[in-house]
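Shown next, in structure tokens, is the structure this report addresses.
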Amino acid sequence: MAVRSTAWMRFRLRLEEWKESFLLTLRPWAGKIGWALLVIQLVLALYALAAYYPQGMKHYQAGFDWFYKYPVHVPPCWAVKKKAQAVRLSLQNVKPVVKTKTMNISYGNIRYVFKYYTISYNKSFIYKGDALPSDSAMLLGLTMPGGKKILQAKIHIDLLRPDGTDFVFLDQTIPVSQYGNKSVIEIRIGGATFNKTLIVHGRPVQVPVKMPYPISKYPIVATGPLSLGQIAQTLGKSMEKVFGTNPFKTDRPVPAGQALFAEVTPNGTVVPLKGKYTFRLSLMYLINETGMTPAQAREIESRGSLNFYFIAYPNCYGLAGTDTLARPVGLGLLLGLPYAFLLGFLVTFTSTFIGAIYGSFAGYWKDIRGEIMMRIADIFLSLPFLPILIVISYVYKVTMLSLSGLMILLFWAGPVIVVRSMALQISEQVYVEAAKAVGAKTSRIVFRHVFPQVFPYTLAIAVLSIPGIIVAEASLSLLGLGDPTAPTWGKLLQLAYDEHAVQNGWWWMYIFPGLALVVFSATFLLIGRAVEPLVAPKLQR
Amino acid sequence: MPLLEVTDLRTYYYTLRGVVRAVDGVSFTLDRGETLGIAGESGCGKSTLAWSILRLVPPPGRIVGGSIKIDGMDITKMSEAELRRKVRWRKVSMIFQGAMNAFNPVLKVGDQVIEPLLLHTDMTREEAWAKAEEMVQHVGLPPEILERYPHELSGGQKQRLVIAMAILLEPDIVIADEPTTALDVVIQAQILNLMKRLYREKKMSIILITHDLSVIAELAEKTAIMYAGKIVEYGPSDAVFENPLHPYTQALLKAVPRLRGPKERLIYIPGSPPDLRNPPRGCRFYPRCEKRFEPCDREEPPMVEAEKGHFVACWLYARR
Amino acid sequence: MRWLVIKIINFVIVLAAVTLIVAIIFTGPMSTFYKSQALQTVQMEMRAQSHQLTVAQNTIIGIAKGTVSPQDAADLINKLYQQGLLTKEERDKLLSGKVTVDEAQKIATALPKRLRAILTQQEFHAYGLDKPWYERSLKYFWDLLSFKSLNSTVLTTRYWPTQGSHNAIDIVLERVPFSVLLFTTSSTLTVLIAVPLALWAARRPGSWIDNTVVAWSIFSVSMPWWWLAMVFIAFFTVKYHIFPQPWNVNVNFHDIKTLVDAAALPVFTVTILSIGDSAFRLRNIFLDIFNEDFVTVARAKGLPENMVLRKHVMRAAAPPLVTIVLFAIVLSVFSGAIITELVFNWPGLGRLYWEAIYAGDIPVVLELTYITTLLYLILRLTLDILYTLLDPRIKRA
């Protein structure tokens, strides 16, 4: 024969075959749905990688600043009938009103000049929400002149509500620094985050507070000139006047962050109070201007300012809600996708590859070598998979890659028995005998004749084991093991478990990650079921 | 009155992709002590016909029309219990295609052979066993074989056992569905001889279903040729083989090699059997027929008696 | 019976190999654990010997100062020398009395350090910590195989054999009945439900019941069982108070009513999930068997349908049925189902994993891994033997 088929032609033929078998798998409904789901998920995974790798992923798992953007554990919006209105206020375009009152006091022949300097801001907004906000937060940036000339300083913040009641946040003198005094105070009203200690993974963690928000150019200091306790006390007192209970002291039928917008109807239900709300903020200080030139006085006076930011969080977020770390669950689902693919594909393909090669040799060698190989594979098959995985990832720190490696180590023997029985038959075929007769090397025979026949089948079967791998990773995560930096679905479920989402009724925290797992796994089961009958005939005797 | 009278039998399979008309209007009769061979390509509905006679068509198949009368009793109208008690294995027994799998692999063959005896007679287990041993010896096997498991037996042994089991109750009709297909030639010959002997001794009617024309020529007195769910030619074996009338029979016989006689070129039939979900209008063989002419593609040919007792369904012989 | 012997030998080999792997994995952490134990012992020894040490120090300084005569102190000095706390030169010097105060001071201050070093070495030797890692691995391997008792660091037993025991093996064994109870109950239920269900589905392939079985098998395999457990808890105990809330229940064998109440939901969940996979596999087996010729033959013989099912179908399905149902359960127990216990607050082996890991209790984790492995292998062996007994086609030679 003069014509020798080139590698390219062989490849073309192969490609044609593959195309045909692919089209065949599209016939049953399982195949259609499976492939469609796979394509959608692959696109989403690629998008997640392009948009969030690596910084976004790390940030999702380790960032503590989600509170500034998102509400804490709110349900998805489609599940909420009555929606609250999100409110974000700042004083950026508000003109302050300045009032001064000068007192001239003569004592002997010395004339003292004291000046009450009051700078006040009013900011109104209309609350139209049908429900109470999930929580409220207030950031207060306070800039004050300091030094001996300032005798007294006072701050007053209150919220005038549509019904005429008044919630006073602060109304008190503040200590005057000897130097220029600048500070920002965050006041988060109500909820678990009133103080700055978060409960993360069951252990208290001190939050490194940074300002991702354009609220203020100043860093937040945890203890400013005003203590948070004072705010709670003042606000609590004025709320007690309205509701009859102090939300900070009782078991809080309505959290304080919601109480700002609440009204108690005569029959005892709590409803949102709609209408015009006005924040009134004023900063007043008494300056000893004795002996100052007007220019000096103006310079000191103008140093004071207030920077203020108020957030009323909505009572729902997006399609999947947010978790207890205020992270959007939907984003977590997206970010978990590439990890699921990485783990599933890497482990399955590699272990199948290894298992198919191993099994091919074990089937080809019918002597003691094959027997020993099967014994070794038997030992790996008898390993209790999850306990070993738990133990290793407990003893040693694992990353996503080393975890995959570990799973490959535990999984590679999976296809060996089937592959071996196939290889036994193949190696009795005439062309294998012929190859032997012309003196082909063992490795050549195995890789040219045996392996290419067994690999596609084992791969199709191995696709069915992807769910097991993903579920195992999730189980590891639930136990608090696994790669701590990777935002996998298992991690989301672990958070839900640790934060008692079930007890608290935060269903979106565990339903969605679980559903993501189900859909991902079902994709491969459907594809596997569609592919199985195509490749199976080759196995039949 | 003939022993078995099948009239216009229709057995369809209701699959998701359409109705498969596996047996579509088959009629024939069988007299006591007669051997009928039914031949045809695989997939032409031969096995379905056999199952229909026992009313054992596997789902989603169903007998939708026609009648099967055994000794005058129409089994298509019988209740399941009556059928079980009166017909199955008593009147009609069957030698199945692929005797390899006719035995349950986890039970001893003896237990399976005596099952009909325990069921249809008042024998105790010991008596049944003794009878089975006798029958096993009759088909040329040692009686100890009953103690074995199926996987310990060879294909020929199993086939003999299946035959023993089929004649155990001395039924009127034995349907043999491809009794020799899975066996090698030497064993085939033994089995055929055995069947000949039994047929002679026991005076049973046999319906022999096979794609192997030589087996029919060897055993059958009458022959029916099936094509695509219909009987196309039916008559005494000699007449059918010596003087085939239907073009399909002619083609089929040309495709069989002969040992004696002048050397001929083997001719295969072009094309493939029609899709039984959607058979061609008119004569079903028409797309592959060499002698097709004007009416073939429009109207179904009626069954006509071309010679005495030799029927054929072809427009070549039908008077219009 | 040769086949049985071969199977048992095989079992022993696999057990040894798996135990060895576990021992090797744990060599590092166990060494750290033993090291801390050894250092604790050393600390206690040092405290116990502190008085004698002070006496020795005073004597040595006394010799230098001349307040103690070397002859009187000879016994003590010799003893210290024998203990390895003094070098030969130092002993000679002290015995001859020609020692300066500075030198004596130096020797006296060095004594506690030397004692600590000697004790540490002794203790490390006692725990085998001075050996190379592979020898340590082999030692731990042998300790595991011979069930040598090991003290836990944090966890204690709850009730059995006594409350508050620190024996790691006891801690693990105490949990075994709970896991066994949960999973044997649910596997029994699984078999009772899955077999008729599978038969039903296999009799009518393509019907709604069949489609349900197929679809549910896909779902039950693709979700973590403990996730469905969470969903069920939220639905059945939080939203509707049908079952007791797991976190409010303290399960033990003294209070049977509470035990049964608390077991209801876990058993329900595990059963529903294991039915998915088992019923699907069984359906496939039954489908295959229904297509087998011998079933048609049996029908042709005139056997009534229920007899065909009982005698032929069920008997032929028995070997794969046993392995598939039980092996599916065995596998699921050791690959995720056991975690369900954690969610259900069920004090079995799965929950103990979580407790031991969170407490950082290495001995308990070690024993737990070993004992679950052992149980797993024993179950596998049992299944293997059962299969061989049921199926005559398997060669028992």
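So you know, we letter chains A, B, ... as the sequences are listed, proteins then strands, and number each from 1.
- Within a 6.0 Å sphere centred on CZ of F236(C), other residues, nucleotides and ligands contribute more than 12 heavy atoms.
- Checked by atom type and distance alone, the side chain of H312(C) never pairs as donor or acceptor with a backbone atom of L107(B) at under 3.5 Å.
- Both the backbone and the side chain of L303(C) come within contact range of chain B, each with at least one heavy atom under 4.5 Å from a heavy atom of that chain.
- Put simply, the side chain of R299(C) does not reach to within 4.5 Å of the side chain of R84(B), judged on heavy atoms.
- Your options are M165(B), H151(B), K108(B), and the one with the most heavy-atom pairs under 4.5 Å with chain C is H151(B).
- For E152(B), no part lies under 4.5 angstrom from a heavy atom of chain C.
- In this structure, K301(C) contributes its side chain and A166(B) its backbone to no donor-acceptor pair below 3.5 Å.
- Within 6.0 Å of NZ on K311(C) lie more than 12 heavy atoms contributed by other residues, nucleotides or ligands.
- Sparse packing is recorded around CH2 of W200(C), with 12 or fewer heavy atoms of other residues, nucleotides or ligands lying under 6.0 Å away.
- In this structure, the side chains of F294(C) and P105(B) come closer than 4.5 Å at one or more pairs of heavy atoms.
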Pair L390(C)-V106(B), side-chain contact (heavy atoms from CB on, under 4.5 Å): steps then yes or no:
CA-CA 8 Å; L390(C) 279 173; V106(B) 291; over 6 Å; no
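- Of all non-hydrogen atoms in L56(B) and T296(C), the two that sit nearest each other are CD1-O, 3.8 Å.
- At most 12 non-hydrogen atoms from other residues, nucleotides or ligands lie less than 6.0 angstrom from CG of D122(B).
- Note that CG of D293(C) is 11.5 Å distant from CG of N104(B), once rounded to the nearest 0.5 Å.
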